[in-house]
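First up is the structure itself, then whatever we jot down about it.
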Amino acid sequence: MSRYEPREIEGRWQRVWADEETWQVANPGQPGYDGSKPKSYVLEMLPYPSGEPHVGHLKCYSVGDAIAHFRRRNGYEVIHPMGYDSFGLPAENNAIKTGVPPLVATEKSIDSFRRQFTEWGISIDWSRELATHTPEYYRWTQWIFLQLFNEGLAYRTQAPVQWCPKDATVLANEQVVDGRCERCGTEVVTRNLRQWFFRTTAYAEQLLADFEKLESWPEHVITMQKNWIGRSEGAEVTFRCEEAGLDFPVFTTRPDTLFGATFFVIAPEHPELEGLVAGTGAEQQVQEYVNSVARESVQARGDESRPKTGVPLGRTVTNPVNGEEIPMFVADYVLMDYGTGAVMAVPAHDERDFAFAEAFELPVRRVIAPDPDAAGAGGGAEPGDDGEQLPYTGDGPMVDSGRFDGLNNREAYDRIVEWLNEEGRGQTSINYRLRDWLVSRQRYWGAPIPIVHCPTCGMVPVPEDQLPVVLPEVEDYAPKGKSPLEAATDWVETDCPSCGSVARRETDTMDTFVDSSWYFLRYLDAGNDQAAWSREAADHWMPVDQYIGGVEHAILHLLYARFFIKALADMGHVGVVEPFANLFTQGMITRDGAKMSKSKGNTVSPADYVARHGADAARTYVCFMGPPERGGDWTDEGVEGVHRFLSRLWRVSSEVAEADVSTGASSTGLSLPEGLAERTTGEARELLSKAHWAIDKATRDFTRGFQFNTVIAAVMELVNEIYRTRDGLIEEEDGRECLRFAVATAASLIQPFAPHLASEVFEQMTGERVWETEWPVADPEMLRSDTVTIVVQVNGKVRDRIEVGEGADKEEILALAREAENVARHLEGTETVKEIVVPGKLVNLVVRPA
RNA sequence: GCGGCGGUGGCGGAACUGGUAUACGCGAUGGAUUCAAAAUCCAUUGCCCGCAAGGGCAUGUGGGUUCGAUUCCCACCCGCCGCACCA
């Protein structure tokens, strides 16, 4: 008998699937469209093609493919496409280092990714393949930009932005992690520049509200997004500076503490700052402070543990609730890009204001007394040590607050807001941490922003029929603080689409997250050269029924894609408001407990393992390591173990096939000859039972949160049972039929993970194509067994086991239990207090000494 | 500091609604096969006592509820991830 040769088997089936375009599906109205089945859109996150795929990709696509296969075999018309997120900085940085143009390196990587995905046997509809760097794709990225521009959702403005000195480009807030550039780790600085933004804040409320509409997303991803959007309810209150004649609105979540405001702070970037200090004598000191803050890294400024700094402005504002004049300061703990860039400071009830007041020796006025109901616990204060309890952020009765004294602060909150409203000095207000999405980049390898700057007409969108604005070729990709596209003079100089006079193209390119915010729509109508997609195609396939990817995209990508779909829905281009109905986030694979990285030299190349043990083993292994949503540590022994299991299945299949040939028996599909199931006994019956048990277990665990590790374990158990019974069964015909059924069942159940081997074995056993068969259904008759084992406990400790007939009643079970040898011993000299019988499971006799 | 997730054999992990803790895999040990090895097959494998029958102890720690707790409740310890001057 020959050996299990995965490479041979895998190549053969991959050719069949490619030649027959097995995984291709048609849109409504196209030839081959099957309207009788419900649709299912299974999608893994778009890979960024760089070098070769790594194990993270292997896991993601193995998990996604298993789901796709399972859905197909459960009667769904599954769309399962693939593409590449092929614009982006790494290819460009590589070009600067090596001189290889981004286009060349990118297309080489794409070829490698495509080849490996094929070698892994992922069931992809290749007719829908896309790459975001191609003009055929980014034409429509630009088209969407223009739709947003026309709606006022894309705009250009001067703003303080986060600048990465190394990459020489601006970054979105989301791309700054701990004050450092997410990509290169360089400390980020702030600069004031004209940049393009998408108005994500316009959808803040809907982005929050529509979590309701999702079917199943991991709770922690929703929490992370909620925190990111950061909705807070409060009030906007206006403080007036009479001397300067300026009004300063502030946002506060604690209007109940208004009477406790003892000073007022504005951000160093506040636009009114200069005018405010003019003529106070503090100008120079303020200017120096503002400059020193500007030099600080974003990282340092965000450190809440460092001492509070600031400068008094020599001005006061009037507290609208009590007419008090309170001093103004500039301090960097107030941020310009949250709220209004100014705060009323209530040191008695806010930790930051308290710290500042201590540093500057400012008065602290308590306006909420400790909660009398919470005496002793936390906020409660002993009489006399009031002062030590500050700052106090809990609830309690109002004090020192005029006519609100005595009210509970929660109630005072509403009353004060009401009063502000009547007086026209404030109103309720909702604030978000979420800011607009900065999309322009001063880099080369991205989609050009389709705008022309005309001296007479201003910003003019490129007409849709002139799209795409093709990315020109340049010699030098190195960033110089402005886009490398500036060098393409022939391209930059153009005619104004509106008046025809000489104009300049916008030279910034788009953030690559723009490309990946809509690709799932392009798949639905990938060949369309008249539109980005047809509304019919989108209506048919959307939303994505199952989205799969890493948690690292929990905020950025998912939030942007959600924003896009909402904007597109409002413009009538799609009919859904959420792109991904169900989200599954896979855990990270480590090696020796550490994150894989080239610098550590602990990377695992999937290609090596595919060459050595086959794609089926590699795929099955990543699904077997543990629950897929959790991480796992890659071990060579683990892959070998799975390879061994697949070999065992293959070997026993060959044995059964050969035994059949020698007796001239024929295949009968995944079913048994008439009456065979009923007449089998002994090992044959046990084997059939095990097969049905495996079907039942695999089906349940598959549907219960994709617990692939236990699905695979169930098939392993079935294969072990086949080996246990095979010697006794293979010699006679009924036994062989049972073996054939069990082997074919194992192949059928392992197919979502090891599709090549499964196809080979299933064909050997039944002559049929496993991917064309329905997912098996367990026969409840075969799950039952005539006798059950019942555990007998005495005082909660297992003392023996008994075999009883399936229908045995309580009395019968108890009688047998008491007779069991070891139980009887423990019952000696006792009297029974209580008898607990759980049918089919256990008996517990509660006794005490007589 | 706030929020989330997790702690089970030598290791990765199982245990559905409270009912046989340790499925499955790895590793280890022994045996069969072989001239030999690899591969394969079979058996054993939580810890402790015992020749055995059997007994005791074990799911991070300490309590509680229950006939019975890995599972439910309370308090604590440890690890990982996210957020963090957001007014």
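Below, chains carry the letters A, B, ... as their sequence lines are ordered, and counting in each starts from 1.
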A/Arg433 side chain near B/A84 phosphate (N/O to OP1/OP2, under 4.0 Å):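 So the side chain of A/Arg433 is within the cut-off, an N or O lying under 4.0 Å from OP1 or OP2 of B/A84.
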Side-chain N,O (A/His826) to OP1/OP2 (B/G54) below 4.0 Å: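 It does not, given that no N or O in the side chain of A/His826 lies less than 4.0 Å from OP1 or OP2 of B/G54.
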Face-on cation placement of A/Lys308 at A/Phe356 ring, 6.0 Å and 45° thresholds: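 Not satisfied by the 6.0 Å and 45° rule.
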A/Arg619 to A/Phe624 six-membered ring, cation-pi geometry met (6.0 Å, 45°):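 No cation-pi geometry.
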Rounded [atom1] spacing from [N] to [M] in Å:
N     : M     : atom1 : value
B/C35 : B/U22 : C1'   : 42 Å
B/G60 : B/U71 : P     : 8 Å
B/U45 : B/G10 : P     : 15 Å
B/U17 : B/C72 : C1'   : 12 Å
B/A39 : B/C47 : P     : 26 Å
B/C24 : B/U8  : C1'   : 15 Å

Can you find a side-chain donor-acceptor pair between [X] and [Y] that sits under 3.5 Å?
X        : Y        : answer
A/Asp592 : A/Asn602 : no
A/Asp633 : A/Thr590 : yes
A/Arg562 : A/Gln225 : yes

Interatomic distance, [X] [atom1] vs [N] [atom2] [rounded to whole Å]:
X        : N     : atom1 : atom2 : answer
A/Met336 : B/C85 : CE    : P     : 17 Å
A/Leu258 : B/A87 : CG    : P     : 15 Å
A/Lys797 : B/G54 : NZ    : C1'   : 14 Å
A/Arg3   : B/A39 : CZ    : P     : 10 Å
A/Phe645 : B/A23 : CZ    : P     : 17 Å
A/Asn795 : B/G56 : CG    : P     : 11 Å
A/Tyr621 : B/G25 : OH    : P     : 14 Å
A/Leu556 : B/G82 : CG    : P     : 13 Å

Using a strict cut-off of less than 4.0 Å between a Lys/Arg side-chain nitrogen and an Asp/Glu carboxylate oxygen, indicate whether [X] and [Y] qualify as a salt bridge.
X        : Y        : answer
A/Asp256 : A/Arg410 : no
A/Asp247 : A/Arg425 : no
A/Arg435 : A/Asp337 : yes
A/Glu835 : A/Arg818 : yes
A/Glu233 : A/Arg231 : yes

Contact state string [nucleotides 1-19 of chain B, B base, S sugar-phosphate only, - no protein heavy atom under 4.0 Å]: --SS-------SSSSB--B
Sugar-phosphate or base contact per nucleotide [nucleotides 42-51 of chain B; S, B, -; heavy atom under 4.0 Å]: S---------
In the structure shown, which nucleotide is the Watson-Crick or G-U wobble counterpart of [N], with both distances under 3.5 Å?
N     : value
B/G25 : B/C11
B/C41 : B/G31
B/C72 : B/G64
B/C5  : B/G79

Mind checking [X] for me? I need base, sugar-phosphate or nothing, with any heavy atom below 4.0 Å counting as a touch.
X        : value
A/Ser232 : sugar-phosphate
A/Arg231 : nothing
A/Asn822 : sugar-phosphate
A/Lys308 : base
A/Val846 : sugar-phosphate
A/Val334 : base

Given RNA chain B, 5'-ward residue of the pair A/Asp353 and A/Arg801, judged by closest heavy atom: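 Per heavy-atom nearest nucleotide, the more 5' residue is A/Arg801.
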Most 5' of A/Lys834 and A/Met344 on RNA chain B, judged by nearest nucleotide: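 Counting from the 5' end, the first nearest nucleotide belongs to A/Lys834.
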Selection from [options] that lies nearest to any side-chain heavy atom of [X]:
X        : options             : answer
A/Met224 : B/G82, B/C24, B/A87 : B/G82
A/Val791 : B/U20, B/G55, B/A87 : B/U20
A/Tyr333 : B/G25, B/C85, B/G55 : B/C85

Main-chain N/O of A/Ala713 paired to A/Lys697 side chain as donor or acceptor, under 3.5 Å: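 No, A/Lys697 side chain to A/Ala713 backbone: no donor-acceptor pair under 3.5 Å.
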Test item: A/Asn795 side-chain N/O and A/Val847 main-chain N/O as donor-acceptor pair under 3.5 Å: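 At least one qualifying donor-acceptor pair exists.
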Contact list (N/O, under 3.5 angstrom) for nucleotides 26-28 of chain B vs protein:
residue, atom, partner, partner atom, Å
B/C26, OP1, A/Arg644, NH1, 2.7

A/Glu351, CD atom: more than 12 neighbouring heavy atoms under 6.0 Å: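 Incorrect, the count does not exceed 12.
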Side chain proximity check, A/Leu208 to A/Lys226, heavy atoms < 4.5 angstrom: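 Side chain of A/Leu208 against side chain of A/Lys226, heavy atoms only: contact under 4.5 Å found.
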